[in-house]
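We use all heavy atoms of the structure for the numbers below, so side chains are in, but hydrogens, waters and symmetry mates are not. Order of the sequence lines sets the chain letters (A, B, ...), proteins ahead of strands, with each chain counted from 1.
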Protein chains: 2
Amino acid sequence: MDKCTPESLLEGRNIKITRQRQIVLGAIIGTGKPFSASDLHDSLGSEMDLATIYRNLEMLCGEGIIRQVMNEKERQYYELACKHNPEHPHFYCNICGKIYCMKQDKPMRLKSRLPGDFTVEQTVLQYRGICPDCGKE
Amino acid sequence: MDKCTPESLLEGRNIKITRQRQIVLGAIIGTGKPFSASDLHDSLGSEMDLATIYRNLEMLCGEGIIRQVMNEKERQYYELACKHNPEHPHFYCNICGKIYCMKQDKPMRLKSRLPGDFTVEQTVLQYRGICPDCGKE
DNA sequence: GCCTAAATGCAAGTTGTTTGCAATTAAAAA
DNA sequence: TTTTTAATTGCAAACAACTTGCATTTAGGC
Ligand SMILES: [Mn+2]
Ligand SMILES: [Mn+2]
Ligand SMILES: [Zn+2]
Ligand SMILES: [Zn+2]
């Protein structure tokens, strides 16, 4: 139950702890919601260059500290990928574009996984991995 | 089992049947695979303006004649949405980027839904619809 | 404190997609 | 069939998300 901090997330990884990385990670830990690069940029009052944010998001993804959540309106969303936040499905509202995290309790009625009155219009199921062509090499 | 034609797909819809729409729909019907705007543009030997292709893809989507399949590498993929091609999951290869359509037989082992040796690395499950905030208006 | 590789900011470049506008065209009206 | 007109097209420019090159700064080992 030890809470994540910018330092705890980066420790033992041979990654420089820069001022901007502390700020970015602080913001990521601070929000519970999925976020895009420009969400971050805005929430930081544009005090950091967008290119720096993009470079750090890529790095954090590679390290498995954050994960890609959803690609919507040609914009990539991410969320923290620590032990407190295991993988789970998401609900995307076709009207306001908000992204809701769904609880991932194993055997459970759908109703209990989102609070309130959600109307599901589409269910998107995608598999990613290695195809036979690419598997043999 | 009547096969789709550009005309049959557009009929009764108050949409002008232009030369370029026949060509685009012909190409879409011709290929079984998901395609992007630039896939189409290339396959038509650049004989049609990309803007026209984008405008028509948007229109066809709105009409439910095609559907969005996947947003990958910041590029949108589509496929024909006629009665011969009901909704189904897709497999995206993390290496070559190919998109495979999966058969959607109801009760079935996963093995039988894709031919060959596919390694699943990620399963993406997304719901889209209307959230409670947007539902009450 | 000094040194060096890594990280940053800035500006410019890419790529996918959209938009404004004048010219073309499908198809409804005459 | 010819005329009319609103929709569609092509072209060029605009946009938005993201990436890259490069000179400058900085974290962290010495
Ligand atoms: Mn989530
Ligand atoms: Mn398919
Ligand atoms: Zn909503
Ligand atoms: Zn492959």
Note to self: Output the rounded distance in Å from CD (A:Glu7) to P (D:dA27).
What the structure shows: 13 Å
Next item on the list: Starting at atom CG of B:Leu44, determine the distance to atom P of D:dG10, rounded to an integer number of angstrom.
Entry: 11 Å
Notebook entry, point to check: To the nearest 0.5 Å, what is the distance between OH (B:Tyr77) and CG (B:Asp39)?
Noted result: 5.5 Å
Notebook entry, point to check: Any side-chain heavy-atom pair from A:Ile99 and A:Glu79 closer than 4.5 angstrom?
Noted result: no
Note to self: Taking the nucleotide of DNA chain C with the nearest heavy atom to each, does B:Ser38 or B:Asn14 sit closer to the 5' end?
What the structure shows: B:Ser38
Notebook entry, point to check: Are B:Gln122 and B:Asn94 close enough that some pair of their side-chain heavy atoms sits under 4.5 Å apart?
Noted result: yes
Check: Can you check the A:Asp39 CG to D:dA17 P distance for me, whole Å?
Finding: 10 Å
Margin query: With a sphere of 6.0 Å drawn around CD of A:Gln22, does it hold more than 12 non-hydrogen atoms of other residues, nucleotides or ligands?
Written below: yes
Next item on the list: Could you state the atom-to-atom distance from CG of B:Asn71 to P of C:dT15 in whole Å?
Entry: 18 Å
Margin query: Using OP1 and OP2 only, check whether a side-chain N or O of B:Asn56 sits under 4.0 Å from D:dT9.
Written below: yes
Next item on the list: Could you tell me whether the side chain of A:Arg21 and the main chain of A:Lys16 form a donor-acceptor pair under 3.5 Å?
Entry: yes
Check: Quick one: ring-ring contact (aromatic ring centres under 6.0 Å, His included) partners of B:His41, sequence neighbours excluded?
Finding: none
Next item on the list: Using whole Å, report how far CG of A:Leu57 lies from C1' of D:dT19.
Entry: 13 Å
Margin query: Centroid separation under 6.0 Å, is that true for the rings of A:Tyr127 and B:Phe118?
Written below: no
Notebook entry, point to check: Whole-Å distance between C:dG16 C1' and B:Ile53 CD1?
Noted result: 13 Å
Restricting to nitrogen or oxygen on both sides, can you table the protein-nucleotides 18-23 of chain C pairs closer than 3.5 Å?
{"residue": "C:dG20", "atom": "O6", "partner": "B:Arg55", "partner atom": "NH1", "Å": "3.3"}

Checklist line | Interface residues of residues 15-37 of chain B with DNA chain D (non-hydrogen, below 4.0 angstrom) | finding: B:Lys16, B:Thr18, B:Gln20, B:Arg21
Next item on the list: Measure from CZ on B:Arg13 to P on C:dA27 and round the result to the nearest Å.
Entry: 15 Å
Item checked: Sidechain-backbone polar pair: B:Arg13 side chain, B:Glu63 backbone, donor-acceptor under 3.5 Å -> yes
Item checked: Rounded interatomic separation in angstrom, taking CE from B:Met59 and C1' from C:dA26 -> 14 Å
Check: When rounded to the nearest 0.5 angstrom, what is the spacing between CG in A:Leu57 and CG in A:Leu40?
Finding: 6.0 Å
